[in-house]
Every structure is written in C-alpha cells, then in structure tokens.
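Working notes, structure below.
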Amino acid sequence: MARTPKSHRVTIVNTKQTFDCAANQTVLEAAIAAGIDYPYACATGNCGTCTSRLDFGKVTLLPRGDASLSPQQIKAGQTLACRARPRSDLTVAWLSRA
C-alpha cells in the first residue's frame with residue numbers, strides 16, 4: 001500500500017492565496033498546480049526569478065545554481081520557490097513582482 005506524502009499549507013502574502021504542497025513537491029510546482037501565477041523563469045534554480053521571502057516555516061532547498069541565491073540571502077530568510085520543499089506550513093512572499 002503506497003503512502004501519501006505529507007502535505008503542508010502554503011500562504012502567499014502577495015495575493016493572500018493558500019494552497020497545499022506535498023513534502024515531495026516544490027512550492028513552485030504546487031503553486032502552478034493550484035493555478036497560481038507565481039513568478040518564475042527557469043524552474044531549475046539558476047535564474048533567481050522565483051526568489052521569495054520565507055516569513056514563516058521551514059523548507060529544504062534542492063540543489064541550485066550558486067549565483068541564484070547567496071548564503072547571505074538564505075540567512076536573511078530568502079528561498080527559491082522552485083527549489084524549496086516544505087518541512088512545515090509556510091508563509092512566503094515573492095520578491096520579483098510588486
């Protein structure tokens with residue numbers, strides 16, 4: 001019997017939208033599946049277009065390009081939606097669009 005991956009709630013501050021994100025999904029994948037127009041370009045962690053501020057919660061970051069997110073940005077609470085898998089419920093704000 002296959003287990004269903006744990007799911008977490010993600011809230012986007014910019015749009016006040018909330019959606020579910022499985023623990024084995026990235027925030028970007030889940031947002032797109034929920035019909036949300038989340039800003040992104042490459043979806044592989046190389047461009048930084050989906051850089052987001054993590055206001056609440058914890059994520060695991062998948063491998064990404066070194067130039068897309070600096071250690072200082074991570075320390076300041078930023079993440080890449082295309083490389084972030086939730087470890088808890090999240091509140092995020094995208095930074096590339098007003």
Side-chain angles (χ1 to χ4, degrees):
M1 182 174 189
R3 281 184 40 194
T4 304
K6 183 169 174 61
S7 183
H8 301 285
R9 292 297 279 168
V10 178
T11 301
I12 302 172
V13 173
N14 310 67
T15 62
K16 298 175 181 48
Q17 292 172 292
T18 302
F19 58 95
D20 290 323
C21 183
N24 65 351
Q25 253 184 328
T26 66
V27 171
L28 180 63
E29 290 168 341
I32 291 170
I36 296 170
D37 184 23
Y38 209 106
Y40 76 98
C42 73
T44 60
N46 290 307
C47 72
T49 302
C50 67
T51 300
S52 301
R53 184 183 69 236
L54 185 59
D55 290 344
F56 173 82
K58 296 187 184 290
V59 297
T60 298
L61 279 172
L62 298 173
R64 64 203 172 277
D66 290 340
S68 62
L69 194 66
S70 71
Q72 293 83 8
Q73 286 174 294
I74 294 170
K75 190 174 182 179
Q78 295 180 19
T79 191
L80 297 173
C82 72
R83 308 314 291 161
R85 287 188 175 166
R87 292 179 27 214
S88 68
D89 290 350
L90 306 174
T91 301
V92 298
W94 61 56
L95 301 178
S96 64
R97 261 193 237 157

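Quick caveat: nothing in here was measured; it's all calculated off a predicted structure.
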With rounding to the nearest 0.5 Å, note down the distance linking [atom1] in [X] to [atom2] in [Y].
X: Thr11; Y: Lys16; atom1: OG1; atom2: NZ; result: 11.0 Å
X: Thr15; Y: Ile36; atom1: OG1; atom2: CD1; result: 6.0 Å
X: Gln73; Y: Ser68; atom1: CD; atom2: OG; result: 8.0 Å
X: Tyr38; Y: Glu29; atom1: OH; atom2: CD; result: 13.0 Å
X: Asn24; Y: Lys6; atom1: CG; atom2: NZ; result: 13.0 Å
X: Leu69; Y: Thr79; atom1: CG; atom2: OG1; result: 6.5 Å

Where do Trp94 and Ser52 come nearest, in terms of heavy atoms and distance?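 Heavy atoms only, the tightest pair is CA-OG, 3.8 Å.
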Please name the pair of heavy atoms, one in Ala30 and one in Phe19, separated by the smallest distance, quoted to 0.1 Å.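 For Ala30 and Phe19, the tightest heavy-atom pair comes out as CB-CE1, 3.6 Å.
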Only distances under 3.5 Å count here; give the side-chain donor-acceptor pairs of residues 82-90 to other protein atoms, sequence neighbours excluded, each with its distance to 0.1 Å.
residue : atom : partner : partner atom : Å
Arg83   : NE   : Pro63   : O            : 2.8
Arg83   : NH2  : Pro63   : O            : 3.2
Ser88   : OG   : Lys58   : N            : 2.9
Asp89   : OD1  : Arg9    : N            : 2.9

Considering only heavy atoms from C-beta outward, does the side chain of Asp55 approach that of Arg53 to under 4.5 Å?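 A side-chain contact exists here, since the closest heavy-atom pair is under 4.5 Å.
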Do Val10 and Asp20 come within less than 4.5 Å of each other through their side chains, counting heavy atoms only?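 No. Closest side-chain heavy atoms not under 4.5 Å.
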With clusters defined by side-chain heavy atoms of hydrophobic residues (ILVMFWY) lying less than 4.5 Å apart, directly or transitively, does Leu54 cluster with Leu80?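 No; Leu54 is not reachable from Leu80 via cluster members.
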